[in-house]
Number of protein chains: 4
Amino acid sequence: MAPMAAPDASKRDAILDAALALFAERGFHGTAVPLVAEKAKVGAGTLYRYFASKEALANALFQRSKIAFSSAVLKDVDPGCSLREMFRKTWRNMLAFHKLQPLVLAFLELHHHRSYLDQQSLLVEQRALGPIRDLLAAAQKSGVLKPIGPEVCMALVFGAFVGLLRAAHEGFLSLTPKVIDDTEAALWEAISA
Amino acid sequence: MAPMAAPDASKRDAILDAALALFAERGFHGTAVPLVAEKAKVGAGTLYRYFASKEALANALFQRSKIAFSSAVLKDVDPGCSLREMFRKTWRNMLAFHKLQPLVLAFLELHHHRSYLDQQSLLVEQRALGPIRDLLAAAQKSGVLKPIGPEVCMALVFGAFVGLLRAAHEGFLSLTPKVIDDTEAALWEAISA
Amino acid sequence: MAPMAAPDASKRDAILDAALALFAERGFHGTAVPLVAEKAKVGAGTLYRYFASKEALANALFQRSKIAFSSAVLKDVDPGCSLREMFRKTWRNMLAFHKLQPLVLAFLELHHHRSYLDQQSLLVEQRALGPIRDLLAAAQKSGVLKPIGPEVCMALVFGAFVGLLRAAHEGFLSLTPKVIDDTEAALWEAISA
Amino acid sequence: MAPMAAPDASKRDAILDAALALFAERGFHGTAVPLVAEKAKVGAGTLYRYFASKEALANALFQRSKIAFSSAVLKDVDPGCSLREMFRKTWRNMLAFHKLQPLVLAFLELHHHRSYLDQQSLLVEQRALGPIRDLLAAAQKSGVLKPIGPEVCMALVFGAFVGLLRAAHEGFLSLTPKVIDDTEAALWEAISA
DNA sequence: CATGAATGAGTTTTCATTCAT
DNA sequence: TATGAATGAAAACTCATTCAT
């Protein structure tokens with residue numbers, strides 16, 4: 001009944017990609033399903049062969065996006081490096097991801113997902129943030145970071161990141177290499193002990 | 001024809017308040033107009049005597065909210081004080097505003113308004129941020145703050161603020177006085193020269 | 001949320017009447033809601049102000065129909081009469097009802113309602129048949145009727161009645177006064193001791 | 001173009017059997033074609049190699065069912081016997097058929113077929129009932145049965161039969177041997193002169 | 001003026017049928 | 001020949017907006 005299995009993965013991806021672009025731009029409630037289908041170049045009914053409902057589509061997209069971003073954040077971050085170096089790499093990863101896939105972050109961070117996220121998606125979100133949280137917790141214990149709690153630290157850094165994206169998105173500033181380096185340095189001062 | 005003027009301001013406010021609660025919770029597209037009318041205890045038709053359309057209502061609400069928040073941010077900030085003191089006051093104002101009117105910030109910051117904001121609203125937003133921007137620009141010129149551009153500075157601080165709100169909203173942390181003071185100190189380190 | 005209350009009873013009745021005609025002809029699943037609305041001369045959305053769903057409409061119609069028919073069956077049946085007389089009156093009531101409101105019986109008896117009837121409707125059906133069942137049970141106890149159980153007796157008589165309706169409906173026979181009297185006599189022989 | 005001929009009779013029967021089960025339970029309009037195909041363990045497209053349309057399938061099923069039942073009714077009815085004996089045998093045949101193939105009668109009698117039956121099906125129905133009608137006509141001429149017309153007689157007996165099935169189906173009574181004998185006797189009294 | 005019942009265009013979703021494999 | 005993924009027309013239902021009262 002619930003066709004979560006994918007007979008044609010490329011079509012499934014096309015639908016997810018179309019949904020990403022539209023949800024990022026207009027939000028979940030502001031996007032009509034036939035519009036997603038049209039952008040994915042499939043019939044409206046076809047979409048329902050891959051996702052049981054509009055909500056199921058949004059959840060699948062949310063999970064794919066969360067995993068993609070959180071994987072990218074810690075990519076090539078060498079645990080042997082100093083925390084200073086790891087933070088620099090992490091920050092650059094985040095901005096590189098934004099450059100490569102701006103829609104993923106626009107979808108994840110510019111919108112409020114509460115009204116349709118299911119348990120599974122919340123779980124995925126928790127798991128995705130786990131490694132980052134753990135890293136911060138260890139760094140705070142070691143005394144390199146301020147003892148303000150890993151959640152607070154994440155909220156500050158990630159909030160600032162989203163703030164920059166949003167400002168860039170709305171044309172208030174441009175994410176030049178200088179801005180990236182400046183903000184990275186500033187945030188390191190904010191969180192380092 | 002276009003009844004932008006309101007014969008009964010209290011009724012208009014009731015509609016805006018109802019819209020605030022519902023838009024903050026479910027977003028613009030997820031909220032039905034008759035529901036707003038019901039919550040405001042007016043007839044659905046009456047709402048249209050005060051606002052030309054659902055979009056017009058959302059824009060009016062956005063403007064009221066932006067102005068309310070930006071006024072609160074600089075409230076009682078003494079220009080004679082040190083910038084350090086002014087920043088502390090500003091930060092506390094932001095969190096006090098959140099405590100008093102959490103829905104206003106939930107509406108403004110948890111949702112994406114692009115799809116319905118009109119020129120007027122964008123203008124109001126610009127104007128509301130002007131004084132803060134000017135203050136930061138002056139502080140950067142004077143060398144108290146890092147020379148990272150007032151927009152970047154605002155994006156960092158305000159983004160971090162929203163990040164904290166969001167994390168609190170989703171239950172990851174609690175905005176205790178200690179957290180407020182810690183984050184204020186951390187962000188001052190981030191932006192001060 | 002569920003608008004079972006009726007602001008305009010005549011419109012509600014118009015919808016029920018339209019649904020009766022269409023459901024009787026094409027059945028529940030074979031009838032589109034907009035068709036019902038059109039026949040009732042209301043907008044498609046209006047129908048949903050009076051009935052929460054297509055199922056709710058069908059249940060309301062079922063209940064109205066069951067009550068109408070079961071009331072008609074025992075109408076003016078004098079408990080002082082002989083059972084023979086009461087049966088004759090009952091039989092004539094059933095056929096008179098059919099003549100007056102053929103659609104009600106077509107809806108009730110030509111279709112299968114299982115897939116959408118709710119608990120309330122089943123209860124109404126039970127209650128509607130109660131008096132008839134009781135009458136038959138008493139008559140069997142008194143020895144006037146064969147001791148075959150009131151349910152069996154009802155099934156025979158009512159089944160034969162529906163069989164006649166169906167045959168008439170399909171053009172195999174005509175319900176003339178002679179047929180009505182003949183069948184009444186025949187069925188009396190079937191059930192009387 | 002119209003593949004009324006079937007290359008593989010067993011597959012055709014599987015489809016008819018699947019349709020029988022589903023149509024009996026949910027009715028024609030309430031049953032999805034892919035569901036029929038799935039239950040028949042054939043592809044959805046295959047079904048259309050055996051039946052030109054959903055309607056054609058329903059008509060074929062109706063005809064098969066009508067013929068099966070009407071054949072069963074007069075099975076082993078010895079024309080040399082008394083009419084009393086023939087009626088008894090007929091009645092038992094009907095109930096035996098119900099016991100063996102309850103779905104066939106549920107499909108035929110619990111639903112209304114008007115909206116999709118074609119001319120051919122109506123003809124088959126007529127022909128199937130012919131022998132029974134002829135037998136009754138002869139019996140009425142001979143004076144053994146009441147002179148109420150063979151159609152009326154059939155409507156009474158067959159209607160009562162369906163009434164019993166329906167009551168049993170809905171749990172109001174159980175078709176025990178005693179009930180079967182009692183009703184047979186009662187109906188004989190109803191129709192015999 | 002205020003209302004809220006009425007509406008029809010728009011929403012999500014289903015399904016009879018086709019056709020590329 | 002058999003398949004089942006694909007489809008778009010149509011289903012049930014919602015909602016921004018209007019207008020008679």
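The sequence lines fix the lettering, A, B, ..., with proteins before strands; numbering per chain opens at 1. We use all heavy atoms of the structure for the numbers below, so side chains are in, but hydrogens, waters and symmetry mates are not.
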Between [X] ([atom1]) and [N] ([atom2]), how many Å, whole number?
X	N	atom1	atom2	value
Arg12(D)	dT1(F)	CZ	P	16 Å
Tyr116(A)	dT12(E)	OH	P	13 Å
Arg26(D)	dA16(E)	CZ	C1'	15 Å
Lys41(A)	dT7(F)	NZ	P	13 Å
Phe51(B)	dT18(F)	CZ	C1'	18 Å
Glu38(C)	dA9(E)	CD	P	13 Å
Leu47(D)	dC15(E)	CG	C1'	13 Å

Does Tyr50(B) place a side-chain N or O at less than 4.0 Å from the phosphate oxygens OP1/OP2 of dC1(E)? no

Please determine whether a side-chain nitrogen or oxygen atom of Arg49(B) lies at a distance below 4.0 Å from atom OP1 or OP2 of dC1(E). no

Output the distance between atom OG (Ser10(C)) and atom CD1 (Ile15(C)), rounded to the nearest 0.5 Å. 9.5 Å

Check whether the side chains of His29(B) and Thr31(A) place a donor and an acceptor atom closer than 3.5 Å, and report yes or no. no

Any luck finding a side-chain donor-acceptor pair between Ser121(A) and His113(A) under 3.5 Å? no

If you draw the axis of the six-membered ring of Phe28(D), does the NZ or CZ of Lys54(D) fall within 45° of it and under 6.0 Å from the ring centre? yes

Let's see if you can work this out: which of dT3(E), dT7(F), dA5(E) has an atom nearest to the side-chain heavy atoms of Lys11(B)? dT3(E)

From the options Ile67(D), Leu57(D), Leu117(D), select the one residue that forms a side chain to side chain contact (heavy atoms under 4.5 Å, CB included) with Phe62(D). Leu117(D)

Counting neighbours of CZ on Arg127(A) that are heavy atoms of other residues, nucleotides or ligands and sit closer than 6.0 Å, is the number greater than 12? no

For DNA chain F, which consecutive runs of 3 or more Watson-Crick or G-U pairs (each distance under 3.5 Å) count as stems? E:2-21 with F:2-21

Please step through salt bridge (Lys or Arg N to Asp or Glu O under 4.0 Å) for the pair Asp17(D) and Arg64(D), ending with a clear verdict. CA-CA 10 Å; Asp17(D) 291 341; Arg64(D) 189 184 78 161; 2.8 Å; yes

Atom pairs under 3.5 Å, N or O on each side, protein against nucleotides 10-13 of chain F: can you list them with distances?
{"unit_1": "dA12(F)", "atom_1": "OP1", "unit_2": "Thr31(C)", "atom_2": "O", "d": "3.4"}
{"unit_1": "dA12(F)", "atom_1": "OP1", "unit_2": "Lys54(C)", "atom_2": "NZ", "d": "2.7"}
{"unit_1": "dA12(F)", "atom_1": "OP2", "unit_2": "Val33(C)", "atom_2": "N", "d": "2.7"}
{"unit_1": "dC13(F)", "atom_1": "OP2", "unit_2": "Tyr48(C)", "atom_2": "OH", "d": "2.9"}
{"unit_1": "dC13(F)", "atom_1": "OP2", "unit_2": "Lys54(C)", "atom_2": "N", "d": "2.9"}

Quick one, His169(D) and His112(C) - any side-chain contact, counting heavy atoms below 4.5 Å? yes

Between His111(C) and Phe23(C), is there a donor-acceptor pair closer than 3.5 Å when you use the side chain of the first and the backbone of the second? yes

First encountered from the 5' end of DNA chain F, between Gly43(A) and Thr46(B): Gly43(A)

